[in-house]
Amino acid sequence: MNLREALRIPSADVTEESVYRDRRRVLAMLGAVPALGIAGCSEAAPPASTATITPEQAKAGFSTAEELTRELDATTYNNFYEFGTNKDDPSNAAKTLRTSPWTVAVGGHCAKPGKLSLEDLIKGLSPQERIYRMRCVEGWSMVIPWLGVPLGDALKRFEPTSKAKYVAFTSLADPRQMPGVRSPVLDWPYREGLRIDEAMNPLTLLATGMYGKTLPQQNGAPLRLVVPWKYGFKGIKSIIAITFVERMPKTSWNMSQASEYGFFSNVNPAVDHPRWSQASERRIAGSASKLFAERIPTLPFNGYAAQVASMYAGMDLKKWF
Ligand code: MTE
């Protein structure tokens, strides 16, 4: 099996941890992900805290030894309003979303715009596994093993010009496939954006998979953004357009409630949501019998300050929340 095949393996509805671990082993053999420690190969071992993480990976923020969120929780406790606003709506309703063929239009201020198949968009880029914390603005968090390519690697090939100060992203909004789009809960399509330096940061991932398999529809198949130092809503799902723009683009949650959701949305325990504190979070992790583990403090930039804080030097993060 080549790596492309490994990344595009159709996902089963619910995958046993052992299957994920097996896939991980395949990827590790191909040199794409850090190999699990020998002990980690035993199927009975707890998830991922046994993963071998090199000091370089830890330093880059590319991986963490924290306990993984169970795959079942990460794929059934979702926000994907195109399929409904309840946490289990996406896993119940998104199964029918057609994710292949899939085309992404890349345009705006760049020398080489184009409409590409997903396969061509990521062709030749080295797939990577990243184990990231994900902190939702609602106050819960997960630790998820993603597969994907660094967004910057994909974007560079379109040769953005000096006018490309921001990157705007658009999700599919197809009322025939996405029942939630028929109700005006957000101004569809779902939109997100990054400043160009944020888009080019090595942590920013265009994800095509998770837990060693192709992304399930409810998690944003076939292509979503993962920006681990920002609140989860920046991680736009089922992307169909990427546009280089000169001005800060409109983003869905900011359009919906500007006083509550800023453009930057960096995880920041010192800036509360107007209706709740952001100082701590409930981690959804591991094999705990209850969904939520104990409350833990939320870290500035979700624990990625060493890698990203310099991008915001001199900015008032209370103003630019
Ligand atoms: N992308 C689209 N298109 N629609 C959405 O409703 N929800 C966001 C984000 N991306 C959302 C989206 C929010 S609020 C969060 S927290 C994450 O997706 C959730 O990702 P997950 O369901 O894979 O955990």
Side-chain angles (χ1 to χ4, degrees), residues 11 68-95 97 99 102 104 130 132-148 168-175 177-194 204-211 213-242 250-257 260-262 265 267 273 276 278 281-285 291-292 298 302:
S11 57
L68 286 190
T69 297
R70 286 190 314 162
E71 185 182 358
L72 181 62
D73 291 333
T75 55
T76 54
Y77 188 89
N78 296 107
N79 282 331
F80 199 169
Y81 280 16
E82 287 86 336
F83 294 98
T85 56
N86 295 317
K87 293 289 183 268
D88 58 355
D89 284 342
S91 55
N92 288 326
K95 280 282 166 284
L97 175 68
T99 59
W102 192 267
V104 183
R130 301 282 177 84
Y132 285 156
R133 294 175 285 278
M134 180 175 78
R135 167 65 156 84
C136 178
V137 75
E138 295 165 344
W140 52 265
S141 62
M142 297 189 182
V143 180
I144 298 178
W146 301 102
L147 291 168
F169 302 86
T170 313
S171 291
L172 179 71
D174 179 357
Q177 296 194 76
M178 299 168 137
V181 170
R182 293 178 217 142
S183 62
V185 47
L186 285 173
D187 183 359
W188 310 110
Y190 195 95
R191 275 160 269 199
E192 257 309 333
L194 294 172
T204 307
L205 196 71
L206 259 186
T208 54
M210 63 195 294
Y211 294 87
K213 290 171 290 180
T214 301
L215 271 184
Q217 282 98 332
Q218 62 268 32
N219 292 88
L223 186 70
R224 73 171 289 170
L225 192 64
V226 181
V227 196
W229 71 95
K230 293 178 180 284
Y231 290 116
F233 66 83
K234 299 294 287 185
I236 182 170
K237 297 178 170 183
S238 304
I239 297 168
I240 58 161
I242 303 178
K250 287 186 170 183
T251 56
S252 287
W253 283 101
N254 182 256
M255 287 160 69
S256 154
Q257 199 52 265
E260 301 191 349
Y261 308 102
S265 294
V267 174
H273 187 280
W276 59 85
Q278 294 290 25
E281 66 204 51
R282 292 185 300 168
R283 179 63 58 84
I284 300 176
L291 185 61
F292 294 107
T298 288
N302 203 23

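Both counts, for ligands and for their atoms, begin at 1 and track the order of listing. Sequence positions, counted from 1, serve as the residue numbers for this chain.
The heavy atom nearest to atom 16 (S) of ligand 1, considering only C136, P90, A94, is found in C136. The residue from W146, Y190, F83 that puts a heavy atom closest to atom 12 (C) of ligand 1 is Y190. For atom 4 (N) of ligand 1, the choice among M142, E82, M134 with the nearest heavy atom turns out to be E82. Between M210, K234, K237, it is K237 that holds the heavy atom closest to atom 22 (O) of ligand 1.
Contacts between R224 and ligand 1, counted as non-hydrogen atom pairs separated by less than 4.0 Å, involve the side chain only. The backbone and the side chain of F80 each have at least one atom closer than 4.0 Å to an atom of ligand 1 (non-hydrogen atoms only).
Looking at atom 7 (N) of ligand 1, its nearest protein heavy atom turns out to be N79 O, 3.2 Å. Nearest protein heavy-atom contact of atom 17 (C) of ligand 1 is G232 O, 3.5 Å.
Remark: ligand 1 and Q218 share no N or O pair separated by less than 3.5 Å (distance only, no angle test). Polar contact with ligand 1: present for Y81 (N/O pair, distance under 3.5 Å). Considering backbone and side-chain N/O of N219, one or more are found under 3.5 Å from N/O of ligand 1.
Between Y132 and W146, some side-chain heavy-atom pair lies under the 4.5 Å cut-off. T204 places a side-chain heavy atom less than 4.5 Å from the side chain of L194.
If you number the atoms of ligand 1 from 1 as listed, the ones under 4.0 Å from a heavy atom of S171 come out as 3 (N).
The main-chain N or O of E281 is never found under 3.5 Å from a side-chain atom of R135 such that the two would form a donor-acceptor pair.
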Worksheet item: Does the pair L172 and Q177 meet the rule for a side-chain contact (heavy atoms from CB on, under 4.5 Å), with working shown?
Response: CA-CA 10 Å; L172 179 71; Q177 296 194 76; 4.2 Å; yes
Worksheet entry | From CA spacing to verdict: salt bridge (charged side-chain N to carboxylate O under 4.0 Å, His left out), K237, E82 | CA-CA 10 Å; K237 297 178 170 183; E82 287 86 336; over 6 Å; no
Discussion item. Using the rule given for side-chain contact (heavy atoms from CB on, under 4.5 Å), can you reason through T69 versus Y211, listing the C-alpha separation, both sets of side-chain angles and the distance that settles it, and then say yes or no?
Written reply: CA-CA 10 Å; T69 297; Y211 294 87; 3.8 Å; yes
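Contact check on K250 versus E192 returns no salt bridge, with no Lys/Arg side-chain nitrogen under 4.0 Å from an Asp/Glu carboxylate oxygen.
Not close to ligand 1: E192, with no non-hydrogen atom less than 4.0 angstrom away. Heavy-atom separations between G235 and ligand 1 include at least one value shorter than 4.0 Å.
Annotation: W188 is not in aromatic contact with Y81 [ring centroid separation under 6.0 Å not met].
Between F80 and F83, the two ring planes are perpendicular [angle over 60°; tilted spans 30° to 60°].
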